[in-house]
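Hydrogens, waters and symmetry mates are skipped; everything else that's a heavy atom, side chains included, is used.
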Amino acid sequence: MENEYVLMVIMVTFIIGMSATEMFKHYLKARQLGLSATDNGQLEDKVTQLSLQNQALIERVQVLEKIVTEADITETNSQLAQQIEALR
């Protein structure tokens, strides 16, 4: 009977120890990445900045797709030339 309690205490200690170790690993990883409560505003700013850059790149790719897929029509070429100049 006493051996069962000792075994149970050892198992509970092992589980708590492993959980604490994993939590500490997670804490160190978050700290290494610089993610803390004070950096939350900076993180949101970075996400907004990347979102704007992504949108600009999408627009540029659309213009490039038009250049590649359109036939040699003079009106289309002049419109595309204007769009290319606007991107510069």
Side-chain angles (χ1 to χ4, degrees):
M1 186 96 166
E2 188 174 308
N3 290 338
E4 292 174 358
Y5 290 122
V6 171
L7 184 60
M8 186 171 33
V9 167
I10 290 172
M11 291 300 292
V12 168
T13 304
F14 178 75
I15 291 170
I16 291 172
M18 290 300 292
S19 298
T21 302
E22 290 300 317
M23 288 172 45
F24 186 67
K25 285 181 189 178
H26 180 71
Y27 167 75
L28 289 178
K29 189 180 226 181
R31 187 170 161 209
Q32 182 181 13
L33 292 174
L35 301 176
S36 64
T38 58
D39 293 337
N40 199 17
Q42 292 176 351
L43 185 61
E44 289 177 7
D45 291 342
K46 185 70 173 175
V47 168
T48 303
Q49 179 185 9
L50 291 174
S51 176
L52 292 174
Q53 287 178 350
N54 189 29
Q55 185 61 34
L57 289 173
I58 288 172
E59 292 172 2
R60 291 178 69 111
V61 168
Q62 288 173 348
V63 171
L64 291 173
E65 287 174 347
K66 284 182 185 178
I67 292 170
V68 171
T69 58
E70 291 292 324
D72 290 330
I73 301 172
T74 57
E75 285 183 35
T76 304
N77 287 338
S78 65
Q79 290 175 351
L80 289 175
Q82 290 173 356
Q83 290 177 350
I84 292 170
E85 283 300 317
L87 289 174
R88 290 183 188 181

Distance-only donor-acceptor hits, side chain of residues 7-28, under 3.5 Å, sequence neighbours excluded:
{"residue": "T13", "atom": "OG1", "partner": "V9", "partner atom": "O", "Å": "2.7"}
{"residue": "S19", "atom": "OG", "partner": "I15", "partner atom": "O", "Å": "3.0"}
{"residue": "T21", "atom": "OG1", "partner": "G17", "partner atom": "O", "Å": "2.8"}
{"residue": "E22", "atom": "OE2", "partner": "K25", "partner atom": "NZ", "Å": "3.4"}

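Annotation: the span from L50 atom CG to D45 atom CG amounts to 11.0 Å, rounded to 0.5 Å.
Residue pairs meeting the salt bridge (Lys or Arg N to Asp or Glu O under 4.0 Å) criterion with at least one partner in residues 51-61, sequence neighbours excluded, do not occur; the list is empty.
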